[in-house]
Amino acid sequence: MCTTSAVSSAQPASRLSYVAEQRRILVVEDDVTIALAVRNRLAAEGFDVRVAADGQDALVQFAKAEPDLVILDRLLPGLDGLEVCRRMQAARPVPVLMLTALGEETDVLVGLGVGADDYLAKPFSMRELVARIHALLRRVERAAQLAAEDTVIRAGEVEIDTAARRVFVRGVEAQLTRTEFDLLRRLAERPGHVFERDRLLSDVWGFSEAAATRTVDSHVRALRRKLGSDVVRTVHGVGYALVTR
């Protein structure tokens, strides 16, 4: 059994970049080998890392440590990752990167539906994990800056309140995750314009990996489930556009 622990590592300022304030990350993973590998890599990146081996411990650590980001395994003993994510988001919205060994699209969509911001399929490279974490943290900062603009974007039947981060479709509010909101906002900035998948990956997620464009597809499908299948248009072989009618 992997015991709960806290690890920090003092790194030169050049290594820490914007995590100089030592952002706190909670890693929830019952596989000891994976948990230790992730903990050690993130500590080397300058993060304050805490590890929980099951769902109940994760919720305790979440309340005590108030992490800036959570890495959450989909399959856990006791409370599974979906329920843990749901309870965390109900208590305090936090960026969640879900790890999954399940390749089925429905499992990914369910994870996104309960509040996960992104997902990474096992096995994964540490380099990609670190890139996803930095991208998520940058998006949180950028979202706060955009919210200060206090603008309302209207495109077709969609209305986006950027300050309140609320979305309405035909006058009915839709509950979106952080990533879904950011993706919709980007599409709405140029209604009708076709965004290539890699462009959306770069603009919304903050990194560009050809193999990761399926992440965009999964979030578009999640958006359609919440907003309606006719809100986002697919241009096969190219990307997506927000419908303007």
Side-chain angles (χ1 to χ4, degrees), residues 17-19 23 25 42 45 68-72 74 85 94-100 102-147 153 155 158 160 162 165 167 176-227 229 231-243:
S17 64
Y18 76 95
V19 295
R23 300 296 187 90
I25 295 180
L42 296 185
E45 292 288 328
D68 298 295
L69 183 143
V70 177
I71 299 172
L72 178 62
R74 163 70 173 80
C85 184
V94 64
V96 173
L97 174 61
M98 188 166 283
L99 304 180
T100 176
L102 303 175
E104 295 297 325
E105 180 187 354
T106 53
D107 290 302
V108 171
L109 292 178
V110 171
L112 299 178
V114 297
D117 293 274
D118 201 357
Y119 68 93
L120 193 57
K122 297 178 181 178
F124 54 85
S125 72
M126 288 296 171
R127 181 184 62 82
E128 183 175 6
L129 175 67
V130 171
R132 297 284 186 102
I133 290 169
H134 282 284
L136 264 176
L137 291 173
R138 284 195 300 268
R139 281 167 46 206
V140 171
E141 293 178 350
R142 188 166 64 245
Q145 294 169 355
L146 292 173
I153 302 174
V158 176
I160 305 171
T162 62
R165 292 183 70 83
V167 173
L176 303 186
T177 66
R178 188 190 325 271
T179 303
E180 291 164 357
F181 181 91
D182 292 340
L183 175 58
L184 179 64
R185 187 187 193 283
R186 184 67 182 108
L187 292 170
E189 287 174 349
R190 298 183 65 185
H193 175 78
V194 180
F195 289 87
E196 296 181 349
R197 288 174 174 82
D198 56 355
R199 175 63 182 274
L200 288 171
L201 195 64
S202 176
D203 290 353
V204 177
W205 279 263
F207 63 91
S208 184
E209 293 277 351
T213 53
R214 285 191 59 189
T215 298
V216 179
D217 299 336
S218 297
H219 280 83
V220 167
R221 282 188 279 271
L223 268 181
R224 286 173 173 156
R225 292 204 312 176
K226 295 181 178 181
L227 305 182
S229 59
V231 173
V232 179
R233 177 171 62 95
T234 300
V235 179
H236 294 288
V238 183
Y240 300 102
L242 191 67
V243 176

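Note that the coordinates shown come from a computational prediction; the quantities given were computed from them, not determined experimentally. Basis for what follows: all heavy atoms, side chains included, without hydrogens, waters or symmetry-related copies.
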*Pairwise distance CZ(R185) to CG(L187) - rounded to 0.5 angstrom*: 11.5 Å
*Heavy atoms only: give me the nearest A155-L242 pair and the separation to one decimal.*
CB-CD2, 3.5 Å
_So, using side chain to side chain contact (heavy atoms under 4.5 Å, CB included) as the criterion, who are the partners of S229 when residues are at least two apart?_
none
*With sequence neighbours excluded, residues passing side chain to side chain contact (heavy atoms under 4.5 Å, CB included) with V158*: I160, V167, V169, L184, V231
*Could you tell me which residues satisfy side chain to side chain contact (heavy atoms under 4.5 Å, CB included) with K122, sequence neighbours excluded, listed by chain and number?*
E29, I34, D73, L99, A101, F124
_Distance alone, cut at 3.5 Å: any donor-acceptor contact between the side chains of Y240 and T234?_
no
_Let me confirm one number: the CZ-OG1 distance from R197 to T215, rounded to the nearest 0.5 Å._
12.0 Å
*NE2/H219 to CD/E180 distance, rounded to the nearest 0.5 angstrom?*
6.0 Å
*Residues forming a side chain to side chain contact (heavy atoms under 4.5 Å, CB included) with V130, sequence neighbours excluded*: R41, L42, E45, H134
*Kindly determine whether V232 and V243 satisfy side-chain contact (heavy atoms from CB on, under 4.5 Å), including the steps that lead there.*
CA-CA 6 Å; V232 179; V243 176; over 6 Å; no
*Which distance, rounded to the nearest 0.5 Å, do you find between the OH of Y119 and the OG1 of T100?*
9.5 Å
*Could you tell me whether R186 and E189 make a salt bridge, using a distance below 4.0 angstrom between a side-chain N and a carboxylate O?*
yes
*Using side-chain hydrogen bond (donor to acceptor under 3.5 Å, both in side chains) as the criterion, list what pairs up with R233, not counting sequence neighbours.*
none
*Quick one: do D182 and R165 satisfy salt bridge (charged side-chain N to carboxylate O under 4.0 Å, His left out)? Show the steps, please.*
CA-CA 9 Å; D182 292 340; R165 292 183 70 83; 3.1 Å; yes
_Side chains of R23 and I133 in contact at under 4.5 Å (non-hydrogen atoms)_ = no
*Using the side-chain contact (heavy atoms from CB on, under 4.5 Å) rule, pick out the option among D117, L120, I71, L137 that qualifies with R132.*
L120
*Residue pair M98 / V70, side-chain heavy-atom distance below 4.5 Å*: no
*Can you tell if the side chain of L97 reaches within under 4.5 Å of the side chain of L72, non-hydrogen atoms only?*
no
*Mind checking what makes ring pair (Phe, Tyr, Trp, His ring centres under 6.0 Å) contact with F195, not counting sequence neighbours?*
H193
*Between A116 and C85, which heavy-atom pair has the shortest distance, and what is it?*
N-SG, 3.6 Å
